[in-house]
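Protein chains get the first letters and strands the later ones, always in sequence-line order, with residue 1 at the start of each.
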Number of protein chains: 2
Amino acid sequence: MDDPFADPTDTREAILGAAFRVLRDHGCADLTIERIGEAFDKSPSLVYHHYDGKDELLVDLLEFLLDGFESTVSEESFDLPPRARLDAYVTAMTDPTDADGEHAPGGRFLIVIVQLRAQAAVDDAYRDHFDRSDRVFGEFLERSVRDAAADRDVDDGHDVDDDEAHRRDPAAVAATIQTLATGAMFRWATTADRGWVDGVRSEIDRYLSATLPMVDPDA
Amino acid sequence: MDDPFADPTDTREAILGAAFRVLRDHGCADLTIERIGEAFDKSPSLVYHHYDGKDELLVDLLEFLLDGFESTVSEESFDLPPRARLDAYVTAMTDPTDADGEHAPGGRFLIVIVQLRAQAAVDDAYRDHFDRSDRVFGEFLERSVRDAAADRDVDDGHDVDDDEAHRRDPAAVAATIQTLATGAMFRWATTADRGWVDGVRSEIDRYLSATLPMVDPDA
DNA sequence: GCGTGTTGAATAAATGTTCAATCAAGACCG
DNA sequence: CGGTCTTGATTGAACATTTATTCAACACGC
């Protein structure tokens with residue numbers, strides 16, 4: 001979904017959609033109430049009928065987007081095998097254009113997330129949301145890593161390497177994937193070069209294949 | 001380097017330093033000429049004596065910071081062995097606090113980079129700079145990966161695994177490290193949680209140790 | 001005095017915000 | 001059914017504040 005607000009149910013949602021498009025096309029510096037008005041062809045004053053001010057609006061937009069993103073990734077991935085869940089997460093963050101058509105987060109969607117997340121560097125209200133969001137995805141990924149490791153156990157029919165020195169912490173592996181994906185999103189949104197995408201994706205693939213068998217699901 | 005503008009040599013640099021601090025403490029939304037004036041205790045009008053306007057100022061700041069960052073990383077790393085160069089790069093982007101001991105939170109420097117880089121998502125002038133910057137670091141990392149692989153060759157006294165299927169593309173490995181480090185920087189600047197840092201660092205370490213021997217330096 | 005750095009005041013435009021008035025649709029009542 | 005009342009959406013004008021920008025004047029070392 002290049003635009004998660006294609007058919008707003010609500011005026012409130014229409015306003016959020018307008019703010020989204022302005023942020024996507026012009027960035028936070030040019031985000032004005034007037035431009036939001038233009039963007040959905042209504043008067044700027046209407047915004048104040050639904051929101052107390054710009055701040056409240058933006059925080060609401062942030063909540064809306066993160067909630068949507070969280071439920072998209074976790075629900076859509078619910079019936080996938082764990083290793084495929086990891087791949088799906090990486091795909092969603094790495095090359096959002098060719099994700100499965102309809103409801104996948106379009107690339108420009110990530111631009112808005114990046115804009116808002118950059119604000120989190122200097123604004124506590126924003127940072128809280130991304131702290132929560134990162135925690136949610138981190139737990140999702142850690143669970144997937146454990147499950148994938150457990151699957152591998154069963155497949156191979158033997159236990160993981162019991163050599164203490166080779167054991168991998170599932171939380172560390174999950175955090176690595178999450179950091180990699182966050183970096184991919186950031187690079188994707190902020191540079192024109194796409195030459196690195198394929199290489200990184202295949203390295204992630206090899207990393208997971210090499211690492212998951214060494215993860216202790218019960219660590 | 002909490003503040004790369006500790007002792008400005010000329011007024012122009014003092015202005016850049018002021019812009020830097022405003023960006024670091026308030027973000028791009030509140031970046032006004034007046035606030036820049038406050039930040040170095042001079043009149044806002046003075047800015048116009050040195051710059052044509054806000055845009056030119058910010059682009060100049062961006063150039064200054066990226067040039068400085070590039071020369072810092074590459075010069076400081078010049079006499080290190082290649083594997084240590086990789087580690088130094090990762091450290092600089094991952095946990096800037098303990099970079100060179102002296103000053104506590106050097107990390108806030110990265111906040112400014114993140115602010116400016118987020119702008120690159122919607123502004124071509126900014127994007128060009130980060131494209132170049134990513135290219136510079138990418139080449140630096142790729143060279144280091146090749147050199148590290150070559151070192152390993154000599155150490156072990158035998159050639160890399162000749163099995164085509166196991167060969168790793170040095171460019172892909174470098175891009176992975178770069179993406180990981182960029183993600184670490186972004187997460188570091190935009191969330192309060194630091195729980196992931198140690199795990200990611202040790203995973204990077206293991207990844208490099210496992211992967212570098214499989215890189216073909218002449219690929 | 002002259003050029004460079006610096007300032008404060010002045011201006012025009014942009015922006016956030018308020019508000020009284022209009023409009024459409026539905027609820028309530030005769 | 002016809003009229004009115006209510007409610008919420010919507011608007012345009014008005015206002016105060018902020019912001020970018022200009023400019024004439026001032027300071028001060030050479």
Interatomic distance, [X] [atom1] vs [N] [atom2] [rounded to whole Å]:
X	N	atom1	atom2	result
A/I36	C/dT15	CD1	P	12 Å
A/Y51	D/dT10	OH	P	13 Å
A/E56	C/dG16	CD	C1'	15 Å

Practice problem: Could you pull out all residues at least two apart from A/R35 that satisfy salt bridge (Lys or Arg N to Asp or Glu O under 4.0 Å)? | Solution: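 In terms of salt bridge (Lys or Arg N to Asp or Glu O under 4.0 Å), with neighbours along the sequence ignored, A/R35 is linked to no residue.
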
Quiz prompt | A/E70: salt bridge (Lys or Arg N to Asp or Glu O under 4.0 Å) partners, not counting sequence neighbours | solution =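 Salt bridge (Lys or Arg N to Asp or Glu O under 4.0 Å) list for A/E70, sorted by chain: A/R132.
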
Quiz item: Is any NZ, NE, NH1 or NH2 atom of the basic residue among A/R187 and A/D193 found under 4.0 Å from an Asp or Glu carboxylate oxygen of the other?
Solution: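 Salt bridge flag = no for A/D193 with A/R187.
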
Quiz item: Does any N or O in the side chain of A/R146 come within less than 3.5 Å of the main-chain N or O of A/P217, such that one atom is a donor and the other an acceptor?
Solution: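 Answer holds: yes.
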
Quiz item: Are B/R117 and A/T191 linked by a side-chain donor-acceptor pair shorter than 3.5 Å?
Solution: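 A/T191 and B/R117 do not have a side-chain donor-acceptor pair below 3.5 Å.
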
Quiz item: Considering residues at least two apart in sequence or located in another chain, which fulfil the ring-ring contact (aromatic ring centres under 6.0 Å, His included) criterion with B/F137?
Solution: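 For B/F137 the ring-ring contact (aromatic ring centres under 6.0 Å, His included) partners, ignoring immediate neighbours, are B/F69, B/Y89.
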
Quiz prompt | Residue list, ring-ring contact (aromatic ring centres under 6.0 Å, His included) with A/Y207, at least two apart or on another chain | solution =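 Partners of A/Y207 by the ring-ring contact (aromatic ring centres under 6.0 Å, His included) criterion come out as none, since no residue qualifies.
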
Practice problem: Using the side chain to side chain donor-acceptor pair (under 3.5 Å) rule, pick out the option among B/T91, B/T94, B/D87 that qualifies with B/R201. | Solution: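 Only one option passes, and that is B/T91.
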
So which protein N/O to nucleotides 4-6 of chain C N/O distances come out below 3.5 Å?
{"unit_1": "C/dT6", "atom_1": "OP2", "unit_2": "B/T11", "atom_2": "OG1", "d": "3.2"}

Quiz item: When you check every protein heavy atom under 4.0 Å of nucleotides 16-30 of chain D, what one-letter string (B, S, -) results, 5' to 3'?
Solution: ---SSBBB-------

